[in-house]
Structures are given as structure tokens and as C-alpha cells.
Amino acid sequence: MGLAMDQHYRPKEIEEKWQKIWEDQNLFKVTEDLERPKYYLLEMFPYPSGKIHMGHVRNYSIGDVIARYKRMRGFNVLHPMGWDAFGMPAENAAIEHGVHPAKWTYENIRTMKNQLKRMGFSYDWDREFATCDVSYYKWEQLFFIKMFEKGLAYKKRSFVNWCEICKTVLANEQVMSDGTCWRGHADDPGVTQKELDQWFFKITDYAEELLKWCDQLPGWPERVLTMQRNWIGKSVGAEIHFPLEHSKEVIKVFTTRQDTVFGATFMSLAPEHPLALSLSKGTAQEEAVKAFVERMKRQDKMKRTAETTEKEGVFTGAYCLNPMTKARMPIFVANFVLMDYGTGAVMAVPTHDQRDFEFAKKYGLPLIVVVQPEGQTLKAETMTEAYEGEGILINSGPFNGMDSIKARERIANYLEENGLGGSRISYRLRDWGISRQRYWGAPIPIIYCERCGTVPVPEKDLPVVLPFNVEITGRGESPLAGLEEFVKTSCPRCGGPGRRETDTMDTFVESSWYFDRFACPDYDQGPLDRKRVDYWMPVDQYIGGIEHAILHLLYSRFFTRVLKEMGWVNVEEPFTNLLTQGMVCKEVYECSRDGYLFPSEVEERENGIRCQKCGGQVSIGRLEKMSKSKKNVVDPEYLVEKYGADTARMFCLFASPPEKDLDWSDQGVEGSARFLNRVWRLFYELHHPLQAVKPLAFGTSLDGDQKSLRQKTHKTIKKVTEDIERFHFNTAISAIMELVNEIYTSPIRDQTDEISRRVIREAIETVVILLSPFVPHFAEELWEALGNQQSILKTRWPDYDPEAILEDEVLIVIQVNGKLRDRMTIPVSYGEEEVKAWALRSERIRRLVEGKEIKRVILVPKKLVNIVC
RNA sequence: GCCGGGGUGGCGAAAUUGGAAUACGCGCGAGACUUAGGAUCUCGUGGUCGAAAGACUGUGCGGGUUCAAAUCCCGCCCUCGGCACCA
């Protein structure tokens, strides 16, 4: 039976219709409601770069399923959206196209907001804000001042990471492991070191707590926690003081192997260590040290600290004393010692550290074995590499014969008692450098006064508004520095002339507390309305890309601790559960001559896939994250135009589980579209309308095909509910597909008796409700066609009828010695002995066990019988 | 080197607690409907052997535990990600 013209699935029409209804009725607006349990669902807010991409569609589709599902389950769901709006690209647009960053940003926001609405995501748009709004960043300036007062924000001169493309400083977290900028520039020359006066947040004060609380986040993926733990990099060891010869001064070192201190035969200093130059002064080594330090300074830091770089150094001409043995230890400057880890000085134990071993061999320095491995006798003269394992101490005075692990504790205590150092803990984590030499960011609220020094802008003078009239050239220092009317001010303390700080804050500062602000975006008495923040925080479910595993997620945890200490919030950790979704990937076409190609630029010939431009061989198949530069993007707008938002959402959710990378497939999208059309047709091709049909009551008893369809319906409710709860959206959708297939092939599909119609109605209604979090417009339309007056959003998520899913009969697998040999369908009511007897009665089984002794018969109820013989 | 994730059909994937390996979808094959099909519907689809019934085999590799292993244990290989001359 054909469909009437108006009964074809037309996504564009129904999507526009329902988006308007949702908006007109304000259906996603929420306020605090103590009657219902709250659920704060948050997806990482986007940077308004221009248009949304598939990564956004995937991220927000996942979030929307949960938001809609939780609402139907009776939760008071906060599902906000806003804009991470400060940052580099806006400034680059200004440089390239002469458009003001503010104009560019707000226009992009308008475009992207429309695109998000077009996808049908259920946000409470009343809470929307952009971090470049003065009403947002002024509170961030207040936080900065409070942190400054507590010593958590401080300025220091140091070597910092400099990105020549961004023309600004980067935090350590923003430098990738290959030494490039986190923004991923096409031709990144690599981050270099620059000595500058910079503002820092004292995240290192929180290293231990941030590490400790990694164990209190069971709702976070293990790999993210591992990355954070690695990044914090805790080492337990000791500090040891080595007195300088002919001086009262000491060189302090940090070591994790204080048990090997008796074997320390020389000392290595970082080239940047202040003692490097001062110790050699006046000695014959002075010139050599100067030259070495200069050479190291010029060398690229990445290269210098690479593991493969040969160890080299230079003698300073000075000596220190081993505090345990009093032995004279020559002091070297060495390329492998880092100034920013530990103390910048390393005691060298060549017998038990491979680097020191290589260094000692190169410069002819003495070796003393102090740890003897169990069952072996190490001799310094014959060693070819350092022994870094545990063992029994020798040549170690009072500690001889002691186990090296135990000796670490004893020696640390000895150091402490004798004023020579003691137990210490060292972290790899460095303070967060937040100064950026850029215009499009929140101004750092600081004034420099010749008389009073560094003075914070008083609270009453906030905000320090980012001036609008500024020339952005992309050359030189921060654009604000050239703006005299901004820079010139008076000192809030003495009234004398003052100059403003012209650096702006790292945009990661804005994203470190936006989730709190969503609880009270309109609040103007302070940054946060404690009452509302306490109601909503913490975020129950946070969803975003794995690329923020350290960056944003660590900063936010730090910021939350600071805000809690200051009494602005009352939570220890901001995000209870974290879901890190995978990337959206697509194959790239690459021509050896013309580089990356669009699919439209290649053609298939007999001799393989060729480049249309040069005719050369094109390599394909490699899956990479969608990016404009790789020419493998799919524009969501095109998808929505061609298939509708529901199909696009459906594909993202069905193709793979959320944590995994999603491999783009045009045919897969077709498949999703086909499924929705199939449901649509099923609905309209029925021989009888369903509007007037009443649903079945719980506990209704049925027989035959009616019973089995009802059973499938309720089993599907159970399965889909469980799958959504554990974020297995792909299997939830496949379960709904199974139900649809079952309805299609059910013999009662077109029967017109009352009960059949009610069973069919229940099955189809269930499909529509279960689909609603995934494809909301589609579901609304069919829901209405079923005769419902109210939006499907107002419907409660169904419960399954426990009676309906009960089976009368069950399929039992029969194994012989663990191998599948037969199956039988038997009534569930059968007892253990009965089932076993039935299994042994099977013709095939009898043949197989004939003449053999049956040793055991194992029964797994409702599953299988295994006959062992 | 250390830490973590992963390896299942031609492809995306499923198997929640040790109990039928490959659900669902894509692709492919056959058929139906049709003037036509790139629409739709039905059936088939891990491999080898076989006309078939069926047999053997099969979840990266090699062992082990168990009546029974994709799942647990031991040892490897590959791959992705993080950290790494970190003292």
C-alpha cells in the first residue's frame, strides 16, 4: 500500500516545526526545584570559530541524549550552552581581514547558535553567555585579585615557552610532547624559550591534593587520570646538602636514591644554575664554563633535553664534599641537568645511574659500588653499565648490610637529624603561566606604580574593560601596550602615576569556572550566587574531547579548589563523571605532488586512484581526525540540508560507542536515514490508524504472536534503558532496530482485532518514545500523529512490565565436552533433573555419548547443559 | 624505559556476571515487485571440506586454569595515547 503524498518523511519541515514549538513553549528552561533530584549535564563549550564541525555535532548529540533521557526520568536537568569566546583566532581574523575581534566573535556566535538550534539540542538558552562579555570576565578579574592577595597569583621573571606563530607565551600544558603549540599550526617551527616577566598561578601548591583526588574520581576514565598523574609527576626522595670546599655554602640536591649517597663521586649542575658561573670565577676553568653555558643557552631546549643527546659537561674547577664520606667531589656543569626540576643540581652516582655512568666514563671520574644485587658481586672496574636495581648496601659505613629500600628511609632520617637535608617530595608539575601578550583576552587587573610597586586594581574599580579601539597588527608586543589611554592611569594606593599591566589572561582561565557561572549567569552581586551554585554543582556528567585530558580538566580542578578555599563554591571537585568522546575521523586522499586532496579532486582509473590535477598516484585509506588542512571534513550543514538533523545525530550515535573514534562513512549515514524512513513507513502503512487505540494495561495476559510481540516490546524497554544508563547508545539503537524488524514481520501487524491493535499500538508507541532522545523531531512528529496533545518531552520514560518479559519456554544449548552439539526448547518450569533427562534423550546426543561413560552433567539454568564424558 | 587504552567477519561493531562468538548496521550475493531501480520487500552471508546432512576450524601469538575462555592467569607481538636524560 502506497503512502499518501503528505505522509512522506520530510525532515526539514518537521524539524523546523518542532524547534519552533520547543522555543515558543520554553521547554528547556530550568530553575532550582527542591522537589526533584537535580542533574547537571554539561558538554565542553565551543570556541566560536565560525561554524560548527562534526566534532561538535557528535559531542552535543551524546549530551542531548542524556539530557532528554534524564528529563523523562524525572530529573531537573540543567543543560546549558555558552561560548569560550576569547582567544587567538579572533585576533588573527582581525589581522587578516581587518575585522574587529569582538565583531568577528559575536557574529560567529550568532551563526553557530543558529546551527546548534538547527540540530535540535535541548539547551536552556536563557543561561547563555560568552566569556568575552564584560559581565563575565569582570568576576574573573576579581578572582585574580583575591588570588594575588593570597599569593596564589604572582609575577616572576623566568624562561617561558614562546610560540612564534601565536606571538605569545604558552603554559607548559599547552606545549605538546613534540615541542609544538597545542593549537596545531600547519608549519609549526616549535616552541622556543624566552626570558620574560610573567604572571603565574600557584597550581604547584595543590599538586598533592590534585594527585590524591585522582583516586576519588571513580566516574573518570582511567586514561585521563593516568595522564593527570603522569603530568603531576610525584617523586618521593630526599634533599641532601653537599658543603662546598673552602666555603660555608652548600649545594642542595634532590634525589630518589639517597641510599646511594655513599657512591656519589661528583656533582652535576644545570647550565642555568647560579653556582655554575660563580664557582668557576677566578679558576682556570672560568672561560671554559662561560663558553659551555653560552652554548647551552643557544641550543634548543627540546634538543638539549632529548634522551638521545650525548651527555657532556665541563669541570667548574671547584669541589664539594660528600656529607657522608667527606670525599672531595668535583663539580661539573652538565647538559642533561634541568634547572626547573628538583634543585637544578644532581649528585652523581655513576655505579647506580646510567647517565652518571656514561658521564663518568667520558670524563674519567671514580666509581664506587654501594648497592650489591642479591647473589652477585659487582666490581666497579668491570661494570659496563650502571646497576639501577635494589640490593644490599656496601661501602656505606653504618648502613652496610641494609636493604636498599629500607636504607632510603634510614638515610633520610639521618640527614634530617644531622641538618644535612631530609625527606622531600618533588613534583614535575610547574606553576601555570597565565600571561598572554595578546589583545583578545581578559585584562590582568594590575597597576604598576613607581612608588608602590605592583598594585592590584581595587574591587570597586573593576572591571578593567578591554578597550575597543586598538590597532591589531600582529607585530611586536601586546597590542594593549601601544594604547597609551589604556596603559596610563593613576596608582590606586598613592594616586601617583601608574601603568597598567598590558598582558591578558590565558583563555583557559575563563574555562576554569564557566560551569559554576552557568548556575547563575544573571547574578550581578558577585561572581557566583552561592545558593544556586550549591544547588547545581558539581556537574553530574561532563562530556568533551580527550585532547583536554590535562589542559582544561586539570586547570578546572585546580580552580575549583581555590574557589572552595575562598568560599565561592562548596565542592571539592567540579566534575563527578567524565565522558571523553573520541574524534571524528575520515580517510584522507594524498597525492605525492599536490598534497591532500578533496574526494572530488580524485578519480578512479584502471591503474588505481589518480589525482585529477597531475594524474599521479593517490594514496588513501589512512583515517585521520577531520580537519580543513587535511581536506577530509564533512560539513554538518550539508548533512542537515540533505538528510536532516535527526539522521546526522542518529549516525553519530549509532556508528560507534562514544569513547571510541568515529570513522566517517557516507554509506553509514545513508543507513541511518534508511532506518528512519523505515519506521516512518511502518507507521503510515498500517491498515488501521492508531490514534484511537488504547494502550495495554500492565499484567495483561496474551498468547502466541500477540504475546511474543509484547514480550519483545518490553524487553526492548529494558535493554534500551540499561544501555542509555551506561552510554552504549549504539547498542540501544540496535535494540530499537530489532523491535522495528519484529513489528514489520509480526503476523499480527495488520490484524484488526482489538487486542492485536493494542499490542501493535504499544510496540510502535514504545519505538517512538525510546527513539525520542536520539531523534527528537522525528519522535515528536510521530507522537503527535499517535494522537497525543502534549510534547513527547512531557512523557515519562516507560518502565517495562516484568510479567511481560517472562518466557514460558527457553532455548537450551546442549554441549558434549564443551562443544555445541544440539539445542532444545523446553518449558522454563522444568526442574534440573528434567532438563538433564531431556538433554540425554536427544537423538544426536545419544549417538555421541554411546558407549562412553558419562562423568558429569553440568547445568546452567536457562542457558545450557554440558555433558562430560 | 615507565604508565594507560586497544587488537573479534570484507567494514563500523556486539557479547553487562566465565556459559550459543559475530547481535544491529554497512557492503556483497540471490530472488520478488517494477517500463525502470541507485526506491522498497524477502532470503543468504567467518573460514575450510562436502551435493547435502554435517564435520573440522575460528576472537593478535604461545602456554595455562576450567566441564566450559573473546572474557581469568603467565609469557610474547602489534598498535594508539601520555610521561621521559625528572636525578
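Keep in mind that the numbers below use all heavy atoms, side chains included, and drop hydrogens, waters and symmetry copies. A note on names: the letters A, B, ... follow the listed sequences, proteins ahead of strands, and every chain is numbered from 1.
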Quick one: is Asn730(A) getting a side-chain N or O under 4.0 Å of the A14(B) phosphate, OP1 or OP2? yes
Cation-pi check for Trp231(A) against Arg428(A): NZ or CZ below 6.0 Å from the six-membered ring centre and within 45 degrees of the axis, yes or no? yes
Would you call the rings of His352(A) and Tyr387(A) parallel, tilted or perpendicular, taking 30° and 60° as the class edges? perpendicular
Pair partner, U34(B) [Watson-Crick or wobble, under 3.5 Å]: none
Spacing of Leu771(A) atom CG and Met737(A) atom CE [to the nearest 0.5 Å]: 9.0 Å
Just to be sure I understand the rule, does Gln354(A) reach a base, reach only the sugar-phosphate, or reach nothing, if contact means heavy atoms closer than 4.0 Å? nothing
Heavy atoms only, 4.0 Å cut-off, all strands: where does Arg424(A) land among base, sugar-phosphate and nothing? nothing
Considering only atom P, compute the distance from C72(B) to G7(B) and round it to an integer number of Å. 11 Å
I'd like the C1' distance from A32(B) over to A23(B), given in whole Å. 27 Å
Can a cation-pi geometry be assigned to Arg678(A) and Tyr744(A), taking NZ or CZ under 6.0 Å from the six-membered ring centre and within 45° of the ring axis? yes
Spacing of the C1' atoms in A70(B) and G60(B) (rounded, Å): 12 Å
Quick one: is C41(B) close enough that its OP1 or OP2 comes under 4.0 Å of any side-chain N or O from Arg681(A)? yes
Residues within residues 858-865 of chain A bordering RNA chain B, heavy-atom distance below 4.0 Å: Ile858(A), Val860(A), Lys863(A), Leu864(A)
Between C33(B) and G47(B), how many Å separate the two C1' atoms, rounded to a whole number? 35 Å
NA contact type, Lys718(A), heavy-atom cut-off 4.0 Å: base, sugar-phosphate, or nothing? nothing
For nucleotides 81-87 of chain B, 5' to 3', base contacts (B), sugar-phosphate-only contacts (S) and non-contacts (-) with protein non-hydrogen atoms under 4.0 Å give SBSBBBB
Could you work out the separation of G19(B) and C24(B) based on their C1' atoms and round it to a whole Å? 22 Å
Quick check on RNA chain B: between Ser734(A) and Leu848(A), whose nearest nucleotide comes earlier from the 5' end? Ser734(A)
Any side-chain N or O of Arg678(A) under 4.0 Å from OP1/OP2 of C41(B)? yes
Paired nucleotide for G9(B) [Watson-Crick or G-U wobble; both distances under 3.5 Å]: none
Within the structure shown, what part of the strands sits under 4.0 Å from Pro657(A) by heavy-atom distance: base, sugar-phosphate, or nothing? sugar-phosphate
If the P atom of G62(B) is compared with that of G12(B), how far apart are they to the nearest Å? 23 Å
Distance, C1' atom - from C3(B) to G58(B), rounded to whole angstrom: 34 Å
Is the Phe675(A) to Phe654(A) ring centre distance short of 6.0 Å? no
Does the structure show a Watson-Crick or G-U wobble partner for U48(B), both distances under 3.5 Å? Name it, or say none. A55(B)
So does Arg674(A) get a side-chain nitrogen or oxygen closer than 4.0 Å to the phosphate oxygens (OP1/OP2) of G27(B)? yes
Please report the distance separating the C1' of G63(B) from the corresponding atom of A15(B), rounded so that it comes out in whole Å. 25 Å
Near RNA chain B, under 4.0 Å by heavy atom, which residues of residues 260-275 of chain A? none
If you compare every side-chain N and O of Arg821(A) against the phosphate oxygens of C56(B) (OP1, OP2), does one of them come in below 4.0 Å? yes
